[in-house]
Every structure is written in structure tokens, then in C-alpha cells.
Novice: 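Dropping a structure here in C-alpha cells format, bear with me for questions.
Counting from 1, the numbers follow the sequence of the chain as shown.
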Amino acid sequence: MKAEIKLALTMGLLGGVVVFLFGGWSVTVLGILIGVFMGLSIGGRVNKKDGPRKLALQSLSTAGIAAVVFIAVSLFQNYVVAPAGGQFPSELYIVIPANLIGGLGMILFTALTAALHGLPDRQERLGKLILMVVLVIAFPFIDRITGLHWSGQIIFALIFVILGLGLNIVVGFAGLLDFGYAAFFAIGAYTTGILSSPQHHIFMNFWLVIWIALGMAALWGLILGTPTLRLRGDYLAIVTLGCGEMMPIIFRNLTNVTIKEPLTCWIIPGIMRLFNSSAATKCITIIDNLDLTAGEKGINPIGRPYLPFIGEFQSNNPIPWYFLIILLILLSVFLIRRLRDGRLGRAWMACREDQDAAVQMGIDPVHTKLTAFALGAAFSGFAGAFYAAYIRGIFPSVFEFSTSIIVLCIVVLGGMGNINGVILGGIIIMGADRLFLPALKDLLKGLMDHTILPALASNHTLQAVVAQNANPILYRYLLFGLTLVIMMALRPEGIIPSAQIRAELHADEETSAVEKAVKN
């Protein structure tokens with residue numbers, strides 16, 4: 001009973017903290033999401049034999065406590081925090097239905113999700129899948145109705161989910177530390193920009209370009225991986241870091257590309273000079289002073305997807321983009337699962353766990369790791385193509401080293417080697433970066449301007465220091481770093497780790513437990 005009350009209070013307060021940032025109709029969306037999460041948590045700790053109805057009834061008390069706490073914090077935000085930040089409280093016609101639907105939604109979805117645990121295993125998995133599909137499909141429409149405008153930022157988070165899935169092949173499955181992953185993201189984006197931008201007078205269809213970008217990124221994965229993958233550990237990390245740092249510089253400087261035909265320009269004139277011949281030959285120039293990437297200005301605009309009955313995808317309508325990125329994620333997950341469960345996936349994991357033992361079993365480590373490098377790069381190109389079309393412009397500063405680190409954080413936080421963990425890690429990290437930190441910035445700015453800074457009017461120096469530094473976006477990398485430090489200390493395998501990596505990281509603990517049991 002204590003554990004259930006603790007869960008209820010934790011989830012109610014956690015949801016309330018998020019409502020603090022957004023207010024309004026966010027209580028409805030968050031109530032439903034928290035209800036699903038609580039139902040999963042409760043269902044994992046109860047007796048499966050109790051049956052769906054009994055499990056649903058058992059969860060009502062926990063869900064009710066969480067809903068009361070959640071609504072209380074929501075009302076406190078609306079009538080106390082919002083006025084303190086210079087905002088007008090929401091009207092009753094928003095407060096009453098938003099909190100009522102949010103509270104009831106939390107209770108209903110907690111009971112529903114907990115009840116699914118009482119079904120046979122196959123029906124339970126099917127029920128959870130149906131529930132997830134309904135939530136995913138309904139989200140952009142609920143977002144539009146409530147006016148929260150979260151869909152655009154969630155799309156950015158899902159782009160990084162695809163990047164995380166690709167890097168998970170390299171880091172999670174094959175055990176290769178890649179610090180230059182953003183290079184392939186850039187290659188996919190620039191391939192899309194070059195092949196579908198009026199700037200280059202090329203108007204290839206997006207549905208074709210996205211596969212060309214995937215292939216180009218995979219090709220460059222092979223090119224960059226071939227001379228480097230004989231290295232291991234820190235040496236491989238340093239080399240991939242160098243490749244990742246080179247790529248933005250290359251794209252900044254491809255503004256005056258000239259390609260000459262080597263036979264007529266160098267080989268034949270060189271031979272003629274050997275024989276002291278003064279005869280002139282005409283040099284054939286294939287490309288002359290081509291501005292390929294436009295340097296820091298970037299490539300803009302870039303062609304966008306087009307579908308019958310929908311037309312060209314537009315920036316002011318995120319729904320088609322949302323479902324397109326969902327389809328790309330589903331395709332990526334399907335392909336990666338097939339690779340993981342096949343012979344190649346088993347070879348990756350064998351090399352990750354013990355490369356010398358894998359060699360003795362007849363596995364070619366260089367070929368195996370090179371395949372992982374190329375396939376991981378291919379999914380990065382996939383994400384780059386979508387990203388370029390979505391923002392309709394690409395700039396080299398987007399593909400700096402920090403992008404590779406964020407993607408690596410997604411894999412580590414979610415759980416290396418676990419596809420579901422990487423998806424969750426991507427949503428958490430990019431959701432915090434794109435949604436929560438900007439909302440927290442706005443909240444703090446309102447409190448500063450209307451409450452805190454006026455109270456510090458007598459000390460202008462302190463007032464200026466507080467005003468300049470009260471911006472959480474300035475500390476985004478500090479927050480990411482603290483998150484990783486805490487995760488490494490408390491749960492190094494990630495939120496949802498793979499069974500193999502969890503066993504590897506906790507092998508010493510299990511050995512100690514066995515030794516104590518033997519002694520006793």
C-alpha cells in the first residue's frame with residue numbers, strides 16, 4: 001500500500017511540475033500519458049492471475065490519489081503561479097473541462113492499462129499495441145484542438161529518434177564508439193538539398209531523394225570506416241571524432257568546386273613535357289566554379305514531399321510531417337529488428353562482447369564492424385533527408401560535434417542495445433530540449449520580470465546578474481551532463497537496457513551474490 005501511495009504522489013507531482021510550465025490544456029494530455037505510465041507500472045507489480053477486472057479495480061485508488069494531487073497542482077499553477085508571472089489565469093471554460101478530462105483520463109487509462117496485464121500474454125501485447133497506436137494517431141489532432149502546438153517540436157524529437165536508432169547499431173549492437181555520427185546526418189541532408197533545391201536547378205522528387213540520401217550516407221560510412229575500423233576503443237573514438245569535425249568544414253568550403261578531366265588536363269600534358277614537346281592540348285573542364293553548398297548561407301529552399309489529396313507538405317501543418325516521421329520510424333524499427341535477430345546481428349554482438357573469441361568462431365571482425373558502420377550511417381542519412389525537407393534549409397552549424405554527443409546521450413540514457421529504450425531516450429532528451437527548457441525559460445522570465453527582479457531593485461548589480469543568468473537554455477549541456485552522471489551512478493545500463501548489456505554491467509554484483517549464497 002505504501003508503494004502505491006508513493007507512486008501516486010510521485011506521478012501526480014511530476015505531472016504537476018510539467019503543467020507548471022505549460023498550463024491550460026496541457027493538463028488533459030499529460031493526465032492521459034501519466035495514466036498510461038502508471039498503469040504499466042502497477043501492472044508490472046501485481047498478480048497476473050487476478051484478472052483484468054480485479055486489476056482495474058485495484059488501480060483505482062492509486063489513480064485517484066494521483067489525479068487529486070495532479071489537479072491540485074494544476075489549479076495552483078493557474079491561480080497562483082501564472083498571475084505571479086504576469087499571465088492571466090485561464091478562463092473557467094478552459095480550467096474546468098481541461099482538469100476534469102485530465103483527471104478522469106488519468107484514472108481511466110491507469111485502470112485500462114493495468115487491466116491489460118490480466119490478459120493472456122498474446123492478448124496483453126496486442127492490447128498494449130492497440131492502445132499505443134491509438135495514442136500516437138490521436139496526438140497531433142488533440143494537439144491541434146487544444147492549441148498546445150507541441151507537434152512541431154515532437155517531430156524534431158522523432159528525427160533524433162531515428163538518429164539514435166542508427167547509432168544504436170554502431171554503439172549498442174557492435175560496441176563501436178562513434179563520436180562523428182553527425183557527419184552522416186549532414187551527408188543525408190546535403191544530398192537532399194543538392195538534389196531537390198532550385199538553388200541548383202535540380203528538382204528531384206523527395207520520395208526518390210530520401211533513398212539516394214540513405215545510399216549516399218551508407219557509401220560514405222564505408223569510405224570513412226574502411227581505413228579506421230581496424231582500430232579499437234579510444235583510438236576508434238578519436239578517429240571518428242576527427243571525421244565528424246572535418247565534415248562541417250568541408251561543407252562550408254564547397255563553394256567554388258572545379259573538376260577537370262585528368263587525361264587532358266594532367267596526364268597527356270605531363271607526358272608531352274617529358275619529351276620536350278611544346279604542342280598544346282585542350283583541357284576539358286567538367287565542372288567550373290560551382291557553388292555546391294553555399295557555405296554558411298546554406299541551401300535554401302529545399303523541395304518537400306508531395307502526396308495526392310494532401311499536396312505539398314507545408315510548415316504550418318505539422319500533421320502530414322508527423323505521420324511521415326512515424327512511418328519512417330516504424331520502417332527503421334522493422335529493418336533494425338530484422339538485422340538484430342539475423343546472423344549479422346549475432347555477429348555484431350559477438351564482436352562487441354569479445355572480438356578475439358568471435359574471430360576464433362570464424363567471424364570476420366572488420367567486415368562485421370564495417371557493415372554496422374555503414375548501416376548506422378544509412379539511417380542517419382534517412383533522418384538527414386527528412387530534416388532538410390522539413391526545415392527547408394540546411395546550414396553547416398547544425399552538424400557540429402554537439403549533435404553527435406546528443407545522439408550518443410540518447411542511446412546511453414535510453415539503454416544501449418535496446419530499440420524501445422532508444423526511442424524513449426530520444427523523446428525524453430529532445431522533449432526536454434525542444435519543449436521543456438523553452439517553457440521553463442518563459443516561466444522564469446515572467447517570474448523575474450514581475451516578482452523577483454522588482455524585489456531586487458535596491459541592488460542593481462545583483463539584479464543584472466540574476467536577469468542575465470536566469471535562462472535555463474544556457475545550461476542545456478550542463479543539464480544533459482548531470483543527467484548522464486546521475487544515470488551512470490544509479491543505472492548505468494540505461495532506462496530500458498538490453499538483457500545482454502545489463503548482464504555485462506552487473507556481472508560482478510551477480511558473482512558476489514552467488515558467492516555469498518554459497519558461503520551461507
Side-chain angles (χ1 to χ4, degrees), residues 5-35 37-38 63-107 142-143 145-154 428 430-459 462-476 478-479 482-483:
I5 294 175
K6 183 178 179 181
L7 175 65
L9 294 176
T10 301
M11 297 309 300
L13 291 173
L14 181 62
V17 169
V18 180
V19 169
F20 255 66
L21 303 178
F22 299 101
W25 285 100
S26 65
V27 66
T28 300
V29 179
L30 291 169
I32 294 172
L33 296 178
I34 292 173
F37 184 81
M38 273 204 306
I65 295 173
V68 170
V69 174
F70 182 57
I71 292 175
V73 176
S74 171
L75 295 175
F76 179 78
Q77 184 276 338
N78 187 64
Y79 292 108
V80 177
V81 177
Q87 300 176 356
F88 291 104
S90 299
E91 300 291 342
L92 286 178
Y93 70 86
I94 294 178
V95 173
I96 293 177
N99 284 273
L100 184 62
I101 297 173
L104 292 177
M106 182 182 293
I107 296 172
I142 295 175
D143 180 63
I145 293 171
T146 56
L148 292 173
H149 305 296
W150 288 357
S151 295
Q153 306 307 325
I154 292 297
I428 290 174
M430 293 309 298
D433 187 43
R434 306 290 305 196
L435 277 176
F436 299 135
L437 287 182
L440 180 59
K441 173 190 173 183
D442 294 339
L443 175 64
L444 290 178
K445 187 177 185 306
L447 292 175
M448 289 291 171
D449 292 343
H450 295 85
T451 304
I452 298 176
L453 293 181
L456 299 175
S458 59
N459 190 334
L462 180 60
Q463 188 183 50
V465 170
V466 172
Q468 291 173 3
N469 292 278
N471 182 359
I473 296 179
L474 298 175
Y475 311 106
R476 57 196 293 255
L478 173 64
L479 297 175
L482 287 175
T483 302

Novice: How far does CG of L443 sit from CZ of F436, to the nearest 0.5 angstrom?
Specialist: 13.5 Å
Novice: Taking all heavy atoms of G24 and all of A98, pick out the closest pair and write down the distance.
Specialist: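 It is O-CB, 3.9 Å.
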Novice: Roughly how far apart are T10 OG1 and I5 CD1, rounded to 0.5 Å?
Specialist: 11.5 Å
Novice: side-chain contact (heavy atoms from CB on, under 4.5 Å) for V19 and F70? Distances and angles first, verdict last.
Specialist: CA-CA 9 Å; V19 169; F70 182 57; 3.5 Å; yes
Novice: Please examine the side chains of L435 and I154, heavy atoms only from C-beta on, and report whether any two atoms are closer than 4.5 Å.
Specialist: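 Heavy-atom side-chain distance check passes, below 4.5 Å.
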Novice: Which heavy atom of F20 sits nearest to which heavy atom of V81, and what is that distance?
Specialist: CE2-CG2, 3.2 Å
Novice: So how far is it from I32 CD1 to I142 CD1, rounded to the nearest 0.5 Å?
Specialist: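 Atom-to-atom, I32:CD1 and I142:CD1 are 5.0 Å apart.
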Novice: Counting N and O atoms only, with roles assigned by atom type, does the side chain of T451 sit under 3.5 Å from a partner on the main chain of A84, one being a donor and the other an acceptor?
Specialist: yes
Novice: When you compare the side chain of L437 with that of Y475, does any pair of heavy atoms fall below 4.5 Å?
Specialist: no
Novice: Around F37, counting heavy atoms of other residues, nucleotides and ligands shown, do more than 12 lie under 6.0 Å from its CZ?
Specialist: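 For F37, atom CZ is not crowded (no more than 12 foreign heavy atoms under 6.0 Å).
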Novice: Restricting to pairs with a member in residues 85-107, which pass side-chain hydrogen bond (donor to acceptor under 3.5 Å, both in side chains), not counting sequence neighbours?
Specialist: S74-N99, N78-S90
Novice: Search all heavy atoms of P438 against all heavy atoms of R434 and return the closest pair with its distance.
Specialist: CG-O, 3.5 Å
Novice: Applying side-chain contact (heavy atoms from CB on, under 4.5 Å), run through V95 and Y79 and close with a yes or a no.
Specialist: CA-CA 10 Å; V95 173; Y79 292 108; 4.0 Å; yes
Novice: List the atom of D143, the atom of W150, and the distance in Å for their closest heavy-atom pair.
Specialist: OD1-N, 2.8 Å
Novice: If you measure from NZ on K445 to NE2 on H450, what distance do you get to the nearest 0.5 Å?
Specialist: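 K445 atom NZ to H450 atom NE2 measures 8.5 Å (nearest 0.5 Å).
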Novice: If I compare all heavy atoms of S26 with all of G23, which pair ends up nearest, and what's the gap?
Specialist: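 Closest heavy-atom pair between S26 and G23: OG-O, 2.7 Å.
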Novice: Hey, does I34 have a side-chain heavy atom less than 4.5 Å from the side chain of L14?
Specialist: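 Side-chain contact under 4.5 Å: no.
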Novice: With rounding to the nearest 0.5 angstrom, report the CD1 to CG distance, I428 to D433.
Specialist: 13.5 Å
Novice: Do you know the tightest heavy-atom contact between M448 and P454?
Specialist: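 That closest heavy-atom pairing would be O-CD, 3.4 Å.
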Novice: Measure the CD1-CD1 distance between I65 and I107 for me, rounded to the nearest 0.5 Å.
Specialist: 10.5 Å
